[in-house]
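Taking it in order: structure first as structure tokens, then the write-up.
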Amino acid sequence: MRLVSVCAAFEPEDLKALQSMAQPVCFTAKETLFLENDDTDAAYTVTDGVLRLYRIFADGRRQVISFLLPGDFISIELDGYHRFSADAVTAASLCRFPKAQFARIIDQRPHVLQRLYETSAQELINAREHMMALGQRSAAEKVAWFLVQLRKRWARVTPTSNTVPVPMSRQDIADYLGLTIETVSRTLSDFVRKGTIAISSHEVQLVDLKKMERLAAT
């Protein structure tokens, strides 16, 4: 995971300093990492499993902001508070970097700031694409976009395949795409019926990848 995470910015001789402060932490599925408005006391790198960032509105509705895969980084919020809640979709492992110690290491290594900037820039791109997906696209276009983007993200850490791990529930996907669970289920079933995808336990095979990519790009 080091090669695809912020840790890649550290020179071999610097990794000892990072490793000395890293605290391995593990979470079971559905276990909470932190809640919205909790103090930001650490940064994290996901080393295994999948997490979700979300916010609960006053009326009980949930918006899933993003799904975190191995190699993804959870930064320290500038105002000192988490703006979203995070919990584990699957059993997950992370490296925890205490706030004060991590800040000292970063201050001593300007090249790591560049890596953090690149990570933040990619997060902004992902957020803009998510906003586009929530816009005027149809349900089919939204679900296709979700699967195609998920395939691209998994390709960073696993051999590229048309079979995509999808450990999220259909409710998770609905809350991420601004759809109802019924619409997500109906759309996936329609894709299966047309031979565009095949679904097995926690995996989706993109049988007609080009068609899915065309829908995702609409």
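Using a 4.5 Å cut-off on side-chain heavy atoms (C-beta onward), L68 and R52 make no contact. Using a 4.5 Å heavy-atom threshold, the side chains of H202 and V166 count as separate. At a threshold of 4.5 Å between non-hydrogen side-chain atoms, the residues L51 and L33 count as touching. A 4.5 Å side-chain heavy-atom check between L147 and V164 finds every atom pair outside the cut-off. Residues W145 and R137 form a side-chain contact, since some pair of their non-hydrogen atoms from C-beta on lies under 4.5 Å apart. Counting only heavy atoms from C-beta outward, the side chains of V143 and L179 approach each other to under 4.5 Å.
Counting only distance, with no hydrogens or angles, the side chain of R62 and the backbone of F57 share no donor-acceptor pair below 3.5 Å. Looking only at distances, no side-chain donor or acceptor of E203 sits under 3.5 Å from a matching main-chain atom of S200. A donor-acceptor contact shorter than 3.5 Å links the side chain of W154 to the backbone of P165. No donor-acceptor pair closer than 3.5 Å links the side chain of R214 to the backbone N or O of L209. Using a distance-only test at 3.5 Å, with no hydrogens or angles considered, a donor-acceptor pair links the side chain of S185 to the main chain of I181. Between the T160 side chain and the A155 main chain, no donor and acceptor come within less than 3.5 Å of each other. For the pair D59 (side chain) and R61 (backbone), a donor-acceptor distance under 3.5 Å is present. In this structure, T196 contributes its side chain and D208 its backbone to no donor-acceptor pair below 3.5 Å.
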Test side chain to side chain donor-acceptor pair (under 3.5 Å) applied to T187 and D190, step by step: CA-CA 5 Å; T187 302; D190 188 50; over 6 Å; no
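Of all heavy-atom pairs spanning A139 and T183, the tightest one is CB-CG2, 3.5 Å. Y54 and A86 get closest at one heavy-atom pair: CE2-N, 4.2 Å.
Taking hydrophobic clusters as Ile, Leu, Val, Met, Phe, Trp and Tyr residues chained together by side-chain heavy-atom distances below 4.5 Å, L206 shares a cluster with I199. Linking ILVMFWY side-chain heavy atoms closer than 4.5 Å, directly or via other members, places V46 and V25 in a single hydrophobic cluster. Connection of I173 to V192 is established within a shared hydrophobic cluster, with ILVMFWY side chains joined at heavy-atom distances below 4.5 Å, either directly or through further cluster members.
Each of V64, I65, V184 was checked for a side-chain contact (heavy atoms from CB on, under 4.5 Å) with D175, and the lone residue meeting it is V64.
Within the structure, side chain to side chain donor-acceptor pair (under 3.5 Å) contacts touching residues 29-38 (residues at least two apart or in different chains) are T28-E31, E36-R55.
Taking the ring centroids of F67 and Y176, they lie under the 6.0 Å cut-off.
Shown here are the side-chain contact (heavy atoms from CB on, under 4.5 Å) partners of K152, two or more places apart in sequence or in another chain: V148, Q149. For the side-chain contact (heavy atoms from CB on, under 4.5 Å) test, residues two or more places apart in sequence or in another chain that qualify with A198 are Q205, V207.
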